[in-house]
Enquirer: 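Below are the structure tokens for one structure; questions will follow.
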Amino acid sequence: MNNNLAIEPLGNWFPGSDKPLVISGPCSAESFEQVIETARGLKKIPQVKVFRSGIWKPRTRPAGFEGVGIEGLKWLQEVKAETGLLTAVEVAKPIHIEAALKYGVDILWFGARTVVNPFTVQELCETLQGVNIPVLVKNPLNPDVKLWLGAIERLNKAGISKVAAVHRGFYFYKHALYRNQPMWEIPIELQRLVPGLPVICDPSHICGRRDLLHDISQKALDLGMDGLMIESHINPLVALTDADQQVTPDQLSELINSLTVRQVSGTPEFETLLEQLRREIDKIDAELLDILAKRMRIVEEIGHYKRENNITVLQIRRWADIIFDRLNIGSRLGLGREFLLQILQLVHKESIRKQEEIMGLHDDSESGQ
Ligand code: PEP
Ligand code: MN
């Protein structure tokens, strides 16, 4: 657990920053008209408190639109003056930070391609030393919770306490439904490591397409995330970047109004019953672990017996029979097939590992760091 981080609750950041905080605006600032028209549309949505816009764009190949640069910061000043929305931009170099601060940007964010590189993150944090500005940290492209945590720790060491994580999904080499895999377990693990860390979901970069935004946004809220960052554009069809995932301000309004915001905690009666049910789960988990340990002890016994009799560790017929039998039982008990299969495979893997250890065959190349 990481109790030495000083993280300010999101609700203290600025008036109206309570949960769920909605941040919206174009992937990239393209022209003054596009920026101001988008902001005017967003201003009509009461839940939107922050206007985001990419000014410097990290592009995979150099021919892509690389952003309008400092000119765009002047447009953001206009947005703030006219609409009162706070402004947020991505910064990836010290000169970006200096320019953003000079033009009065309210919130900075580190992009996914920046967070993968501790050298860059360190350099940015040094530039921010002594500056009291909120910083959002997108997850790194790869599902490495420590890299994500490291960026938050570096910011905190530089004196930044208004820090939030942004969950934007993880790169996956195969074509899949989502542009970036959500892997919800990663932001959940980050929250476990940094209690009190606000986490904002970025459904736009997870989905890569408009039609999936609702379900991912709802799931983020159901998991208790603190806000949403959703890309919007006055005319998404002609957007220079991320055209497939941006929505118009009107579509965003519809999307937000279709979401159900649930409470994190309920009435005292609800909490009491929940507590009772949780105690039952605790008891059952203890029993499960006990049974698992008993099973492993027998696995070890079998391992010794096989060694004495010079028998192979893996007997494929036995393994096939186990899978067949346990899946049948599981199906009668209403357990999900895929879930049970994964558990059986995990238990089997550990049993093989233990027996190999007993045989003196253990190869620890897979054990990780
Ligand atoms: C963005 O927010 O437009 C962006 C480039 O995001 P990411 O760093 O998550 O890819
Ligand atoms: Mn984008």
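Treat the numbers as computed from the prediction; the structure is a model and nothing was measured. The figures here come from the full heavy-atom set of this structure, side chains too, leaving out hydrogens, waters and symmetry mates. Just follow the structure's listing: the first ligand is 1, and inside any ligand the first atom is 1.
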Enquirer: Give a yes or no on whether a salt bridge exists between Glu189 and Arg192, defined as a side-chain N under 4.0 angstrom from a carboxylate O.
Expert: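 Judged by the 4.0 Å cut-off on N to carboxylate O distance, Glu189 and Arg192 do form a salt bridge.
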Enquirer: Looking at ligand 1, does any of its N/O atoms fall within less than 3.5 Å of an N/O of Arg52?
Expert: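 Yes, there is a polar N/O contact under 3.5 Å.
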Enquirer: With no hydrogens and no angle check, is any side-chain donor or acceptor of Asn139 less than 3.5 Å from a backbone partner on Arg168?
Expert: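 Checked: pair present.
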Enquirer: For ligand 1, which atoms sit closer than 4.0 Å to a heavy atom of Cys27?
Expert: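 Atoms satisfying the 4.0 Å criterion: 3 (O).
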Enquirer: Taking 4.0 angstrom as the limit, do Arg179 and Asp242 come out as a salt bridge?
Expert: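 Counted as a salt bridge, because a side-chain N and a carboxylate O are separated by less than 4.0 Å.
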Enquirer: Working to the nearest 0.5 angstrom, can you tell me the gap between Arg59 CZ and Glu66 CD?
Expert: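 Rounded to the nearest 0.5 Å, the CZ-CD separation comes out at 8.0 Å.
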Enquirer: Between Asn309 (side chain only) and Ile311 (backbone N and O only), is there a donor and an acceptor less than 3.5 Å apart?
Expert: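 Checking the backbone N and O of Ile311 against the side chain of Asn309, no donor-acceptor pair under 3.5 Å is found.
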Enquirer: For Asp242, what is the atom name of its N, O or S atom nearest to the Mn ion (ligand 2)?
Expert: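 Checking each N, O and S atom of Asp242, the shortest distance to the Mn ion (ligand 2) belongs to OD2.
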Enquirer: Regarding ligand 1, does Pro58 bring an N or O atom to under 3.5 Å of one of the ligand's N or O atoms?
Expert: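 Pro58 vs ligand 1: no N/O contact under 3.5 Å.
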Enquirer: Round to 10° and report the angle made at the Mn ion (ligand 2) by SG of Cys27 and NE2 of His205.
Expert: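 The two atoms subtend 170° at the Mn ion (ligand 2).
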Enquirer: Considering only heavy atoms, which of Lys138, Arg179, Glu231 lies nearest to atom 6 (O) of ligand 1?
Expert: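 Closest candidate by heavy-atom distance is Lys138.
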Enquirer: Taking the minimum heavy-atom distance to atom 10 (O) of ligand 1, which of Arg168, His205, Lys57, Gln246 ranks first?
Expert: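 Answer by nearest heavy atom: Arg168.
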Enquirer: Under 4.0 Å between a Lys/Arg side-chain N and an Asp/Glu carboxylate O for Asp321 and Arg318?
Expert: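 The answer is no: the pair does not qualify as a salt bridge.
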Enquirer: Under a 4.0 Å N-O cut-off, is there an ion pair linking Arg40 with Glu82?
Expert: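 Salt bridge present between Arg40 and Glu82.
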Enquirer: Using the ring of each side chain (for Trp, its six-membered ring), is Trp148 parallel, tilted or perpendicular to Phe170, with breaks at 30° and 60°?
Expert: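 Perpendicular, since the angle between the ring planes exceeds 60°.
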Enquirer: What N, O or S atom of Glu231 is found closest to the Mn ion (ligand 2)?
Expert: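 Answer by atom name: OE2.
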Enquirer: Do me a favour and list the nearest non-hydrogen protein atom to atom 8 (O) of ligand 1 with residue, atom name and distance?
Expert: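 Atom 8 (O) of ligand 1 sits closest to the protein heavy atom Ala112 N, 2.8 Å.
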Enquirer: At under 4.0 Å between heavy atoms, which part of Met229 makes contact with ligand 1: side chain, backbone, both or neither?
Expert: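 The answer is neither.
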Enquirer: Counting each atom of ligand 1 from 1 as listed, which ones have a heavy atom of Gly111 under 4.0 Å away?
Expert: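 What qualifies from ligand 1 is 8 (O).
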